[in-house]
Peer 1: 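Below you will find the structure I want to go over with you.
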Amino acid sequence: MRDILRILAYLTGMLPGAAAALALFLCLLPWRRRRLRRRGLTSSGVREAGLLLLAMFSGGMAVLTLCPHPTWLWAGLQGYWSPYFSGWALPLAHRVNLIPFSQGDSLFNIVGNIVMFVPFGFLAALLWRGWTGRRALCAGLGITAGIECWQVLVGRFFDIDDIILNALGVFCGFLLWRGLRRLAPGFAEKFHVDLSEETAHE
C-alpha cells in the first residue's frame, strides 16, 4: 500500500508539467502542420497522439526530476510554497554518489528508476525512423547525466545509480519497440511521417 501511495504521489506531481506540455503542444500544432505541408509530409492522427503522449510525459518527468523536490510545483500550486533547498544544508560530498550500487537502494527505487524512463526509449523509437539501440543508450546516458548534474544545483542528490538505471530504462524501451515491430510491423509504421498524397503523385 505504501508503494502504491508513493506512485500516486509521483503521478500527481507530474500533472502540472503534463498540463503545460499539453498547452504548448496545442499551441504549436498549427505551425507544425504548416511546416510538414511545406515539406510535402503528413502526420497521421495516431502519430500525433504518440507525440502528444511523449510531450506530456516529458513535461511531467521534467517536474519530477528538475524541480528542487518531486512534489515542489504541485504543492506550490496549492499555496504551499517552500524553497525546498534543504539539501544545501548537507556538504556536497554527502550529496554525490559516484560508486555504483553502494547505497543499498530498495527494490522499489531500482525498478522505479528503470520503469520511469522506458517510455522515452519506446516512444522515441516508435515516432522516429533511424532510432537505434546505440542512440537510445547514448541518449539515455546523456539526458540522465544532465538531470543528475542539475539536481546537485537545486539541492538534490547526484547518484550514479540513477544514471545507470535510467539509461537502462531508455534502452529497455527501445527493446520493447523492437518487439512490437516484429509482432505488429504495420501498426508500428503508422507512427511515422509519410509523404502527402500530392507529393506522392508528383
Peer 1: Out of curiosity, Phe157 CZ to Gln151 CD, how far, rounded to the nearest 0.5 Å?
Peer 2: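 Output value for this atom pair is 10.0 Å.
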Peer 1: Is a side-chain N or O of Arg178 found less than 3.5 angstrom from the main chain of Ala125, in a donor-acceptor match?
Peer 2: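 Side chain of Arg178 to backbone of Ala125, a donor-acceptor pair under 3.5 Å: no, none is there.
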Peer 1: Does Asp105 reach the side chain of Asp159, with side-chain heavy atoms less than 4.5 Å apart?
Peer 2: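 Yes, close enough: below the 4.5 Å cut-off.
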Peer 1: Are the side chain of Trp131 and the backbone N or O of Ala124 linked by a donor-acceptor pair below 3.5 Å?
Peer 2: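 Not confirmed, Trp131 side chain does not pair with Ala124 backbone.
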Peer 1: Regarding Arg47 and Glu189, does a basic nitrogen lie under 4.0 Å from an acidic carboxylate oxygen?
Peer 2: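 Salt bridge: no.
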Peer 1: With ILVMFWY side chains joined below 4.5 Å, transitively, what does Val115's cluster contain besides itself?
Peer 2: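 Cluster partners of Val115: Leu107, Val111.
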Peer 1: Rounded at 0.5 Å granularity, tell me how far CZ in Phe171 sits from CG in Leu137.
Peer 2: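 Output value for this atom pair is 6.5 Å.
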Peer 1: Would you confirm whether Arg95, through its side chain, and Arg156, through its main-chain N or O, come within 3.5 Å as a donor-acceptor pair?
Peer 2: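 It does hold such a pair.
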Peer 1: So, do Phe117 and Met61 sit near enough that their side-chain heavy atoms are less than 4.5 Å apart?
Peer 2: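 A side-chain contact under 4.5 Å exists here.
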Peer 1: Looking at every heavy atom in both Asp162 and Asn113, which two are closest together, and how far apart are they?
Peer 2: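 In terms of heavy atoms, the two residues are closest at OD1-ND2, 3.2 Å.
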Peer 1: Quick check: is Ile99 connected to Ile164 through a chain of hydrophobic side chains (ILVMFWY, heavy atoms under 4.5 Å apart)?
Peer 2: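 Per the 4.5 Å side-chain linkage, Ile164 and Ile99 are not co-clustered.
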Peer 1: Would you indicate whether the side-chain heavy atoms of Ile163 and Phe158 approach each other to under 4.5 Å?
Peer 2: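 Yes, side chains in contact.
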Peer 1: Got Cys149 and Leu153 here, is their nearest side-chain heavy-atom distance under 4.5 Å?
Peer 2: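 The answer is no, as the side chains (C-beta and beyond) never meet within the 4.5 Å cut-off.
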Peer 1: Would you tabulate the side-chain donor-acceptor contacts of residues 138-146 under 3.5 Å, counting partners in other chains and residues two or more places apart, or write 'none'?
Peer 2:
residue	atom	partner	partner atom	Å
Thr144	OG1	Gly140	O	2.6
Thr144	OG1	Leu141	O	3.3

Peer 1: Going by heavy atoms in the side chains, are Leu66 and Val154 under 4.5 Å from each other?
Peer 2: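 Sidechains of Val154 and Leu66: no contact.
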Peer 1: Can you tell me how far apart CG (Leu126) and CG (Leu54) are? Round to the nearest 0.5 Å.
Peer 2: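 Going from CG on Leu126 over to CG on Leu54, the span is 10.0 Å.
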Peer 1: Determine all donor-acceptor pairs shorter than 3.5 Å in which one atom belongs to a side chain in residues 14-35; sequence neighbours excluded.
Peer 2:
residue	atom	partner	partner atom	Å
Arg32	NH1	Glu48	OE1	2.8
Arg32	NH2	Glu48	OE2	3.1

Peer 1: Could you measure the distance from the CG atom of Asp161 to the CG atom of Leu98? Nearest 0.5 Å is fine.
Peer 2: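 Rounded to the nearest 0.5 Å, the CG-CG separation comes to 10.5 Å.
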Peer 1: Drop me the distance from Phe122's CZ to Leu176's CG, to the nearest 0.5 angstrom.
Peer 2: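 Spacing of CZ (Phe122) from CG (Leu176) equals 5.0 Å.
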